Amino acid sequence: SEQKYFPYIGNREIVGFGRNGNPQYLDDAHFPYPSIRFGEHDDAFEALHKKELGDWTKLTLAEKKKIYRHSFRMTMSETMAPSPRWKLGVAWACFVMSGALLYLSFIKSVVLEVPKMKFAEKDYQDALLYRRLYSRDGPIDGMVSAFDFENMKWK
């Protein structure tokens with residue numbers, strides 16, 4: 001049954017069950033042991049693998065690192081390190097929001113006929129001020145207390 005996977009995984013050794021039973025390589029902290037080795041199986045690694053089966057004290061540090069890198073692409077600390085992918089997400093969010101704001105401004109200026117608010121007109125504001133003054137709203141500390149009704153001026 002292993003032969004059916006080799007056209008897809010190349011000349012890599014299947015070493016375990018992995019994440020879901022299919023032979024695939026993925027560096028993941030939740031599933032730290034992938035089902036296949038990272039590196040392809042070749043003659044250079046075969047000689048190193050025979051040396052690995054013997055005494056590990058005879059291996060140099062470079063050979064130990066080469067054996068590790070044949071099985072894994074990244075160390076656990078490299079896997080857990082933060083990646084700069086969040087910047088791409090923020091950039092896309094800003095891009096989409098700016099596009100939406102440009103679309104909204106186009107719709108408001110060209111397509112929609114937005115009626116003027118009567119609250120923004122000067123006549124309405126004057127009438128509202130007149131009504132508040134002559135209804136004597138807040139005669140002690142409100143707006144009416146700052147208006148002189150005898151001279152019709154603000155104090």
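Here the structure is a predicted model, which is why all the values come from computation and not from measurement.
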Any sub-3.5 Å donor-acceptor pair from Arg69's side-chain atoms to Lys66's backbone N or O? no
With clusters defined by side-chain heavy atoms of hydrophobic residues (ILVMFWY) lying less than 4.5 Å apart, directly or transitively, does Leu112 cluster with Val110? yes
Side chain to side chain contact (heavy atoms under 4.5 Å, CB included) partners of Asn20, counting only residues at least two apart: Asn22, Gln24
Distance from Ile14 atom CD1 to Ile9 atom CD1, nearest 0.5 Å? 4.0 Å
Sub-4.5 Å side-chain heavy-atom contact between Phe106 and Val111: yes
Just verifying a value: how many Å separate Arg19 CZ and His30 NE2, rounded to the nearest 0.5 Å? 9.0 Å
I'd like to check the salt bridge (Lys or Arg N to Asp or Glu O under 4.0 Å) partners of Glu46; sequence neighbours left out, ordered by chain and number. none
Identify, with sequence neighbours excluded, every residue that meets side-chain hydrogen bond (donor to acceptor under 3.5 Å, both in side chains) alongside Asp126. Lys122
Would you say the ring centers of Phe38 and Phe72 fall short of 6.0 Å from each other? no
Could you work out, with ring pair (Phe, Tyr, Trp, His ring centres under 6.0 Å) as the rule, every residue matching Tyr124, not counting sequence neighbours? Phe119
Taking only residues two or more places apart in sequence or in another chain, which ones pass salt bridge (Lys or Arg N to Asp or Glu O under 4.0 Å) with Glu52? none
Residue list, side-chain hydrogen bond (donor to acceptor under 3.5 Å, both in side chains) with Ser98, at least two apart or on another chain: none
What's the separation between atom CG in Asp28 and atom CE in Met80, rounded to the nearest 0.5 Å? 9.5 Å
Donor-acceptor contact present, side-chain Tyr68 to main-chain Arg73, <3.5 Å: no
Which heavy atom in Tyr25 sits nearest to a heavy atom in Ser71, and how many Å separate them? CE1-O, 3.5 Å
Got a sec: does the NZ of Lys64 have more than 12 other heavy atoms crowding it under 6.0 Å? yes
Tell me whether Asn11 contacts the main-chain N or O of Glu40 through its side chain, where contact means a donor paired with an acceptor under 3.5 Å. no
CD-CH2 distance between Glu63 and Trp56, expressed to the nearest 0.5 angstrom: 10.5 Å
Minimum heavy-atom separation for Pro23 and Ser35, please, with both atom names. CA-OG, 3.1 Å
Supply the atom-to-atom distance Lys51 NZ to Ile67 CD1, rounded to the nearest 0.5 angstrom. 8.5 Å
Return yes if some donor-acceptor pair links the side-chain N/O of Asp42 with the main-chain N/O of Phe45 below 3.5 Å, else return no. yes
Note, Ser105 side chain near Leu101 side chain (heavy atom, < 4.5 Å): no
Just how far is it from atom CZ of Arg37 to atom CZ of Arg12, taken to the nearest 0.5 Å? 12.0 Å
